[in-house]
Each structure stands twice: as structure tokens, then as C-alpha cells.
There are 2 protein chains.
Amino acid sequence: MDPGPLNVGLLLFIPYRELEERVFAAVQDAGYSDITLPQARLFQRISANGSRITDLANRVYVTKQTASVLVNSLESNGYVRRMPDPLDARASLVIADARGLAAAAVAAAEIQRIEAEWRKALGTARYERLVRDLDELAKHTNRPQ
Amino acid sequence: MDPGPLNVGLLLFIPYRELEERVFAAVQDAGYSDITLPQARLFQRISANGSRITDLANRVYVTKQTASVLVNSLESNGYVRRMPDPLDARASLVIADARGLAAAAVAAAEIQRIEAEWRKALGTARYERLVRDLDELAKHTNRPQ
DNA sequence: TAATATTAGTTCGTTACACTGACCATATGC
DNA sequence: GCATATGGTCAGTGTAACGAACTAATATTA
């Protein structure tokens, strides 16, 4: 049952998905059980000063229709709110609301825990280097981040 | 519109998803338009000597019911076939079929192209090091790979 | 400044996906 | 031999994904 050598995509995917799974479980266990994984994936891409639907859609790789639906759900449950974009009356800015900020704190704490594990597994220097290289690679993609 | 500093999860996600998107588009453009992204994600985890539904479900992070549905679709379109598992009469092995192998070749070619770009962007030594470190990190997760 | 084209976002309708629960068949342990 | 665990499917439901069509506001250009 040897799956064969893993390509780069899978090598990126495996730790990514492991982290996501653990963080999402931590958030759920902390009482935020009315958020789904696709909603959480969108939520974490919202910037502190608010993000437009279209930007979120691009970051998450979904259509703006889908992003709109996800934001509606998040809004219904108090994770985010919409505010008018002062620069463009067509647009609105999605911004984290109280419940969203509280959930984000739980997520951040779990990420810290996982990073500590990974540092231990690879050694601090090697881990820090990995993060820097990933950052460089992410910059190289021409996506809106 | 500064999204703030990106956590490790996102740093892994961004290049992963970029690669996936490009590979999937290449496969579609090559005429394999009857495969969906979730199906392709499962397909690429099938080992050369066949994989069980349960193993695929674990690798892809879906339930075995979902994996079963995805395999059915892939089977209908000639990407995979099921064969009985000689070691366990309850199980069956999912294995790539002709159309699946042809599509996989297209995917592999596109991955090579992307890796060449990434090597160029980071420098060969740094890129090879990154891949090794990712491999180490993937090994550290206790998931079935 | 009036006509035209773009862009931001929503609504509608449809399909695929993902989950839980329940179930059958085979294996395994005592 | 009987209880229990495991591999897989079936049924039912809700969410998420898409394309197409639409409204409203902004840019563009004549």
C-alpha cells in the first residue's frame, strides 16, 4: 500500500490540512460549533480593517456568489458584520465582529501550540528557515494576498 | 487593505492551492472536463497497486461515504476501476484505469513545469532544501500517507 | 455631460459534495 | 460459537459550489 513518492503539492497539503483540522477542532471545542470549515477558511482571510467580498473570493478560490453566501452565514451568527465602504458606494467591507474575534483568539492559540511542536520536530533554526522560504514562495505567486 | 502577517497554515496553503489550480486547469484543458476538483483530489491519492476506500477517505479528509461517492463518479467516467482485495473479502481496491493514467500524465507534466518555475524563483539549492524540509514535516504528522 | 462600459454585489436555479445514521457482509478475538 | 470490530454501501439532509442574469454605482470617453 505504498502511495509512492509525494509531489510538492501534497507535501504542502499534508501539514497545511493537519494544522487546519486541529485548529478547527479547537475552535469547535471552545463552543463555536455554529461555524463551518468553508466559513472559517473565508473568515481567516478578512483583514483587520475590513475586506471586500470580491477580494475574499479571490483569496479563498471561490466565486463571489459563494463568498457572499458564506458571509451571510457568518453574519447571522455574529462572527462578522458588513459596513459600507467609504471609498465606493457599490462595495461593502466585511469585518470581524465580537464573536469572530473571540473565535480567532482560540485559533491563534492553537496555531502557536502547533508551531511549537513543529519547531521541536525540525529544530528551531530549520523551522524558521522553512517559514521564511514558504513566505518567499507565497510572495512569488501573483495572487492577491 | 493589508491582510496582516500570514500564519504558517496560510503560507502552506497559498502555494499549494496555486499549484492545484494550475494543474487542474491543465487537466481540464487537455480534454478531461468530466472530472471535478474533489474527484481529482481523491484520485491523486490512489497508490499504484490500488487503495482501499477507507484509506483514501483518511488521506483526503472526508468520510468513507463521501469517498465512495467520488469513486463511483470516477468509475463511471473511466478514471478508475474497482477490484476485489485478495487479502480481505469485505474490501475492494480502487486502481487507476486507462483514462485516469492519461490524465495523471498531463498533471505530472504541469507539476514539473511549476517546479521548474519555483526552482528558478528561489534558486535550486534553496528550493531542494525547502522540499526536503516539507518532507520532514509531512513525516512528522501521524496521518496515514 | 450624456452615453457606454466596468465593477461590486446579490438573487435564482441547479448540481455536487459532505455529513449522520442505519445497515449488510466479512474478519477477528475470546 | 458468539460478540465485537471493520470495510463498505444506502438513505436522507443540509451546505457549498457554480453559471446566468440582474441592480446599482463608478469609470471612461465622446
Side-chain angles (χ1 to χ4, degrees), chain A residues 1 17 20-21 24-25 28 32-47 49-77 79-95 144, chain B residues 1 17 20-21 24-25 28 32-47 49-77 79-95 144:
Chain A
M1 317 320 175
R17 195 60 177 78
E20 181 179 68
E21 191 74 7
F24 186 63
Q28 295 263 351
Y32 304 96
S33 51
D34 54 351
I35 191 171
T36 67
L37 192 50
Q39 288 168 25
R41 284 174 179 152
L42 180 138
F43 178 86
Q44 77 169 334
R45 305 308 299 265
I46 299 170
S47 76
N49 28 357
S51 296
R52 292 190 182 175
I53 293 274
T54 303
D55 291 335
L56 293 174
N58 283 330
R59 291 174 192 160
V60 183
Y61 289 85
V62 294
T63 61
K64 53 186 184 174
Q65 296 92 318
T66 297
S68 184
V69 169
L70 295 175
V71 168
N72 285 341
S73 304
L74 288 166
E75 196 172 23
S76 306
N77 292 324
Y79 288 96
V80 305
R81 60 192 161 82
R82 282 180 169 90
M83 49 187 273
D85 186 336
L87 299 176
D88 192 332
R90 291 169 303 180
S92 58
L93 292 176
V94 180
I95 193 164
Chain B
M1 317 317 177
R17 196 59 177 78
E20 180 178 68
E21 192 73 7
F24 186 63
Q28 295 263 351
Y32 304 96
S33 52
D34 54 350
I35 191 171
T36 66
L37 193 50
Q39 287 167 26
R41 284 174 179 152
L42 180 137
F43 179 85
Q44 76 170 336
R45 306 307 300 264
I46 298 170
S47 76
N49 29 355
S51 296
R52 291 190 181 173
I53 293 275
T54 303
D55 290 336
L56 293 173
N58 284 330
R59 291 175 192 161
V60 183
Y61 289 85
V62 295
T63 61
K64 54 185 182 173
Q65 294 91 322
T66 296
S68 183
V69 169
L70 295 175
V71 168
N72 285 341
S73 305
L74 288 167
E75 195 173 24
S76 306
N77 293 323
Y79 289 95
V80 305
R81 60 190 161 83
R82 283 180 167 91
M83 49 188 271
D85 186 337
L87 299 176
D88 190 332
R90 292 169 301 178
S92 59
L93 292 176
V94 180
I95 194 164

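Throughout, a chain's letter reflects where its sequence line sits, starting with A, and its residues are numbered from 1.
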Provide the start and end nucleotides, 5' to 3', of the part of DNA chain D that has atoms under 4.0 Å from heavy atoms of chain A. D:dA16 to D:dT26

Can you pull every protein N or O that's under 3.5 Å from an N or O on nucleotides 6-8 of chain C?
from	atom 1	to	atom 2	distance (Å)
C:dT7	O2	A:Arg90	NH1	2.4

Where the side chain of A:Asp85 meets the backbone of A:Leu93, is there a donor-acceptor pair that is under 3.5 Å apart? no

Step by step, would you call B:Ser76 with B:Ser73 a side chain to side chain donor-acceptor pair (under 3.5 Å)? CA-CA 5 Å; B:Ser76 306; B:Ser73 305; 5.9 Å; no

Please state how far atom CG in B:Leu70 lies from atom P in C:dA18, giving the value in whole angstrom units. 6 Å

Donor-acceptor contact below 3.5 Å, side chain B:Asn77 vs main chain B:Tyr79: no

Less than 4.5 Å apart, any side-chain heavy atom of A:Val80 and any of A:Ile46? yes

Side-chain donor or acceptor of B:Gln65 under 3.5 Å from a matching atom on the base of C:dG21? yes

Measure the spacing between CZ of A:Arg90 and OG of A:Ser92 and express it to the nearest 0.5 Å. 12.0 Å

Minimum side-chain heavy-atom gap A:Val94-A:Arg52 below 4.5 Å: no

Among residues at least two apart in sequence or on other chains, which ones pass side chain to side chain donor-acceptor pair (under 3.5 Å) with A:Gln39? A:Thr36

List in chain and number order the residues that pass salt bridge (Lys or Arg N to Asp or Glu O under 4.0 Å) with B:Arg41, two or more places apart in sequence or in another chain; answer none if no residue qualifies. B:Glu20

Give A:Arg82 one of three labels, base, sugar-phosphate or nothing, depending on what nucleic acid heavy atoms sit under 4.0 Å from its own. sugar-phosphate

Who passes side-chain contact (heavy atoms from CB on, under 4.5 Å) against A:Ser68, sequence neighbours left out? A:Asn72, A:Arg82

Expressed as a whole number of angstroms, how long is the span from A:Phe24:CZ to C:dC19:C1'? 12 Å

At less than 4.0 Å, is any side-chain N or O atom of A:Ser68 found next to OP1 or OP2 of C:dT10? Yes or no. yes

Rounded to whole Å, how long is the line connecting atom CG of B:Leu56 with atom P of C:dC17? 15 Å

Locate the shortest heavy-atom distance separating B:Ser51 from B:Arg59; write the atom from each residue and the value. OG-NH1, 3.4 Å

Distance check: side-chain N/O of B:Thr63 vs OP1/OP2 of C:dA18, anything under 4.0 Å? no

Whole Å only: how far is the CD atom of A:Gln28 from the C1' atom of C:dC19? 13 Å

Quantified as the angle between the terminal helix axes (five pairs each), what is the overall bend of the helix from C:dT1-D:dA30 to C:dC30-D:dG1 to 10 degrees? 40°

Starting from the 5' end of DNA chain D, give me the residue, A:Val69 or A:Ala89, whose nearest nucleotide shows up first. A:Val69

Looking at every non-hydrogen atom in both residues, tell me the closest pair between A:Leu37 and A:Phe24 and how far apart they are. N-CZ, 3.5 Å

Rounded to the nearest Å, what distance is computed from the CD atom of residue A:Glu21 to the P atom of nucleotide C:dA18? 13 Å

